[in-house]
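Model, not experiment: these values are computed from the prediction. Each chain gets a letter, A, B and so on, in the order its sequence line appears, and its residues count up from 1.
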Amino acid sequence: MSVIVRFAPSPTGYLHIGGARTALFNWLYARHHGGQFRLRIEDTDRQRSTDAAIAAILDGLTWLGLEWDGEVVYQAERIEAHQAAAQRLVEAGLAYPCYSSPDELEAMRALAKAEKRPIRYDGTWRDRDPAEAPAGVPPVIRFKAPLDGVTVIEDRVQGRVTFQNSQLDDMVLLRADGTPTYMLSVVVDDIDMGITHIIRGDDHLNNAARHANLFQALGHEPPVFAHIPLIHGPDGAKLSKRHGALGVDAYRDLGYLPEAMRNYLLRLGWAHGDEEIISTEQAVQWFELDAIGRSPARFDFQKLDSVNAHYLRLRPDADLVALAAPLLEAAGHELGEAERARLVQAMPGLKQRARTLVDLAQSAAFYVQARPLPLDAKAAKLLDADAKARLAAALPALAAVEPFTEEALEAAARAAAEAQGVGFGKLAQPLRAALTGRTVSPGLFEVMVGLGREEVVGRLEDAASGRNPALQQND
RNA sequence: GUCCCCAUCGUCUAGCGGUUAGGACAUCACCCUUUCAAGGUGAAGACACGGGUUCGAUUCCCGUUGGGGAUGCCA
């Protein structure tokens, strides 16, 4: 049997991190088995579905590199099939019209709650003669769920889960306006799409029992279920849109790489021994449902940062310049050919120190900053009169270094420090401040070579004569 | 309230009856060193609790506690 899985988000908001992981697991499972990964937009709730949300979901998946197979299925376009299925169930006596009004239902629930009884539809219209229907009230169609016995779900992640059928009430299949609900449309679409495995968040575990019964009623065996645990926020509470959950676009803006997101998300709930850094290719090869853990995981930015830093270092320098360039330009730095070339050359030292693309752009800014270079507070403080004197004294030797290489520059700088009778650090930090405007940077001589002789001399002259403006910031 | 799920270092996890309970992130020390990273070495840090089963439980069973989810004419 060839594997067909699907990711089925509802377009009521952006693609959040939990959905992204569900999509990733589905995608990996499909790729591992050489099957298909289908995308289905569950937009049966026309009021809450938006085109913007659909676009955000497609964008998010594309950015994450989770390409889907075949056409996107829009559930709203399949209403006729859903309605026909409901009709068949009514004709077969497996579903019935219910005339209870929303108000009555609400009162029913309130009463059940007050009396501390299970909150469930009481089945008023299940066996009542439709002839008793109130005039002018359009009914909903409800599923005639089994009253006793049990429904057993053999879940690939959660194991065997048994539900008492007495707990399952008669769910609404068709709303009063004739539109299908999620419960109906998922099952009909899963059948029509030939879905073999349903991998989704375990907030649907309860629904699995209802779905399984509907599959049976429609004459099909349910697919294999795999309900994966939810992701929680750092405080252990459910990660929701009003509780720290961000759309994948936010992670992109925060400077995370898609391959890092895939690796990090994969390790949230899935493991392969002690492996931490797992390439996507390797993940496809290894991924299996059995290795999915059953307990919920908390989202941890520090770990994500660490994984991201790893993948950042793996990226080619030119890639990183292309990714950081928009950020630098947004910060007001104009990037011509010369600046871009300078950045590519400087990237090995920069990328080793960055955790995100945002970090990277910030720490790269000094390379493309126009003179005179602004100094941050610490750098300004460091460049006192003594430091400036040392810079002035060392300048001629550095300006004359030939060839202009890291080795030659280092030799010259060390000789200059010695000539001045100070430790190398006493000269190095002022040089750093003068050249980068900060007290923290990549290796000094790497910076010099990256900047080029002319720029180095200019920046040192600026600093020695106190031409740099101070930056207001305090880091 | 009712139903369902979960429970190993702060966090992510390995473990699938007998281990000095392993790794990663974070933390702390030291090394390297021109700063910061990276890298290296090391430290500290966990089986929620109570009953069983067993020669032996982190591991199997039951309960307690604690989290989470579901209880919609949302998905």
(request) Report the base-pairing partner of B:A37 (Watson-Crick or G-U wobble, both distances below 3.5 angstrom), or none. (result) none

(request) Tell me which nucleotide among B:C73, B:A75, B:C25 gets nearest to the side chain of A:R142. (result) B:C73

(message) Using OP1 and OP2 only, check whether a side-chain N or O of A:T44 sits under 4.0 Å from B:A75.
(response) yes

(message) Each nucleotide in nucleotides 29-35 of chain B should get exactly one letter: B, S or -. Can you fill that in based on protein heavy atoms under 4.0 Å?
(response) -----BB

(request) Indicate whether any N or O donor in one side chain lies under 3.5 Å from an N or O acceptor in the other, for A:S441 and A:R432. (result) yes

(message) Please confirm whether the ring centroid of A:Y96 lies under 6.0 Å from the ring centroid of A:F143.
(response) no

(request) From the options A:E276, A:E259, A:K303, A:R21, select the one residue that forms a side chain to side chain contact (heavy atoms under 4.5 Å, CB included) with A:Y264. (result) A:K303

(request) Would you tell me whether A:Y311 and A:N263 have side-chain atoms, one donor and one acceptor, within less than 3.5 Å of each other? (result) yes

(request) Might you work through the salt bridge (Lys or Arg N to Asp or Glu O under 4.0 Å) test for A:R156 and A:E288, ending with a clear yes or no? (result) CA-CA 10 Å; A:R156 286 289 300 277; A:E288 255 308 334; 3.7 Å; yes

(message) Which nucleotide, if any, forms a Watson-Crick or G-U wobble pair with B:A48, using both distances under 3.5 Å?
(response) B:U64

What nitrogen or oxygen pairs link the protein and nucleotides 4-11 of chain B at under 3.5 Å?
residue : atom : partner : partner atom : Å
B:C5    : O3'  : A:Q158  : OE1          : 3.1
B:C5    : O2'  : A:Q158  : OE1          : 3.1
B:C6    : OP1  : A:R294  : NH1          : 2.7

(request) Send over the distance from A:I278 CD1 to B:G23 C1', rounded to a whole Å. (result) 12 Å

(message) Roughly how many Å apart are B:A57 and B:G51, using the P atom of each and rounding to a whole number?
(response) 12 Å

(message) Quick check on RNA chain B: between A:Q75 and A:L268, whose nearest nucleotide comes earlier from the 5' end?
(response) A:L268

(request) Name the nucleic acid region contacted by A:M171, choosing base, sugar-phosphate or nothing; use a 4.0 angstrom heavy-atom cut-off, strictly under. (result) nothing

N/O donor to acceptor pairs below 3.5 angstrom from side-chain atoms of residues 180-189 of chain A, sequence neighbours left out:
residue : atom : partner : partner atom : Å
A:T181  : OG1  : A:V172  : O            : 2.7
A:T181  : OG1  : A:L173  : O            : 3.4
A:Y182  : OH   : A:H204  : ND1          : 3.0
A:S185  : OG   : A:T181  : O            : 2.9
A:S185  : OG   : A:Y182  : O            : 3.4
A:D189  : OD1  : A:R78   : NE           : 2.5
A:D189  : OD1  : A:R78   : NH2          : 2.9
A:D189  : OD1  : A:H82   : NE2          : 2.8
A:D189  : OD2  : A:Q75   : NE2          : 2.8
A:D189  : OD2  : A:H82   : NE2          : 3.3

(request) Could you give the distance separating B:U58 and B:A46 at their C1' atoms, to the nearest angstrom? (result) 10 Å

(request) With a 3.5 angstrom cut-off on both distances, give the Watson-Crick or G-U wobble partner of B:U59, or none if there isn't one. (result) none

(request) Tell me what A:E42 touches on the nucleic acid: a base, only sugar-phosphate, or nothing, going by heavy atoms under 4.0 Å. (result) sugar-phosphate

(request) Considering only atom P, compute the distance from B:U33 to B:A21 and round it to an integer number of Å. (result) 38 Å

(request) Starting at atom CG of A:N308, determine the distance to atom C1' of B:A24, rounded to an integer number of angstrom. (result) 16 Å

(message) Any donor-acceptor pair under 3.5 Å linking the side-chain atoms of A:D103 with those of A:S101?
(response) no

(message) Quiz question: by atom type and distance under 3.5 Å, do the side chains of A:R262 and A:T280 form a donor-acceptor pair?
(response) yes

(message) Classify A:R438 by what it touches in the nucleic acid, base, sugar-phosphate, or nothing, heavy-atom distance under 4.0 Å.
(response) nothing

(message) Work out how far the P atom of B:A37 is from that of B:C28, and round it to whole angstrom.
(response) 11 Å

Could you tabulate the donor-acceptor pairs under 3.5 Å formed by side-chain atoms of residues 442-451 of chain A, not counting sequence neighbours?
residue : atom : partner : partner atom : Å
A:E446  : OE2  : A:G349  : N            : 3.1

(message) Roughly how many Å apart are B:C47 and B:U59, using the P atom of each and rounding to a whole number?
(response) 12 Å

(message) By the 4.0 Å heavy-atom rule, please label A:S185 as base, sugar-phosphate, or nothing.
(response) nothing

(request) May I ask which nucleotide in the shown strands pairs with B:A24, Watson-Crick or G-U wobble, both distances under 3.5 Å? (result) B:U11

Protein-nucleic acid N or O pairs under 3.5 Å, nucleotides 39-50 of chain B:
none

(request) Grab the CD-P distance between A:E104 and B:C73 for me, whole Å please. (result) 13 Å

(message) Whether the A:N308 and A:T356 side chains hold a donor-acceptor pair (N or O, under 3.5 Å, no angle test) is what I'd like checked.
(response) no

(message) Heavy-atom nearest nucleotide on RNA chain B for A:Y99 versus A:E115: which residue maps closer to 5'?
(response) A:E115

(request) Could you give the distance separating B:C25 and B:G39 at their P atoms, to the nearest angstrom? (result) 8 Å

(request) Assess whether salt bridge (Lys or Arg N to Asp or Glu O under 4.0 Å) is satisfied between A:E455 and A:R459, documenting all intermediate values. (result) CA-CA 6 Å; A:E455 186 70 19; A:R459 291 188 183 193; 2.8 Å; yes

(message) Under 4.0 Å, heavy atoms only, any strand: does A:D169 hit a base, just the sugar-phosphate, or nothing?
(response) nothing

(request) Check each residue of residues 387-394 of chain A for a non-hydrogen atom within less than 4.0 Å of any atom in RNA chain B, then write out the ones that pass by number, or none. (result) none

(request) Under 4.0 Å between any heavy atoms, over every strand shown, what does A:H227 touch: base, sugar-phosphate, or nothing? Just pick one. (result) nothing

(message) Using 30° and 60° as the class boundaries, would you call the ring planes of A:F215 and A:F225 parallel, tilted or perpendicular?
(response) perpendicular

(request) Any chance you could measure A:D300, atom CG, to A:I231, atom CD1, to the nearest 0.5 Å? (result) 12.0 Å

(message) Of the listed nucleotides (B:A75, B:C3, B:C12), which one gets closest to any side-chain atom of A:Q167?
(response) B:C3

(message) Please give the distance between the P atoms of B:A48 and B:U35 as a whole number of Å.
(response) 45 Å

(request) State whether a side-chain donor-acceptor pair under 3.5 Å links A:T151 with A:N213. (result) yes

(request) Using the six-membered ring of A:Y121, assess whether NZ or CZ of A:R142 lies under 6.0 Å from its centre and within 45 degrees of the ring axis. (result) yes

(message) With a cut-off of less than 4.0 Å, is there a side-chain N or O of A:R267 near OP1 or OP2 of B:A24?
(response) no

(request) Using atom NE2 of A:H272 as one end and atom P of B:A24 as the other, report the distance to the nearest whole Å. (result) 17 Å

(request) Provide the distance between the two P atoms, one in B:C49 and one in B:C55, to the nearest whole Å. (result) 24 Å

(request) Rounded off to whole Å, could you give me the CG-to-P distance for the A:D305 and B:U27 pair? (result) 11 Å

(request) Evaluate the ring planes of A:F301 and A:F299, with Trp represented by its six-membered ring, and classify them as parallel (under 30°), tilted (30 to 60°) or perpendicular (over 60°). (result) perpendicular

(request) Mind calculating the distance between CD (A:E276) and P (B:G22) to the nearest angstrom? (result) 15 Å

(request) Begin from the C-alpha positions of A:D170 and A:K144 and carry the test salt bridge (Lys or Arg N to Asp or Glu O under 4.0 Å) through to its verdict. (result) CA-CA 6 Å; A:D170 291 353; A:K144 201 175 278 187; over 6 Å; no

(message) Let's test this: given Watson-Crick or G-U wobble pairing with both distances under 3.5 Å, identify the partner of B:G1.
(response) B:U71

(request) Report the distance from atom CZ of A:R210 to atom P of B:C73, rounded to the nearest whole Å. (result) 10 Å

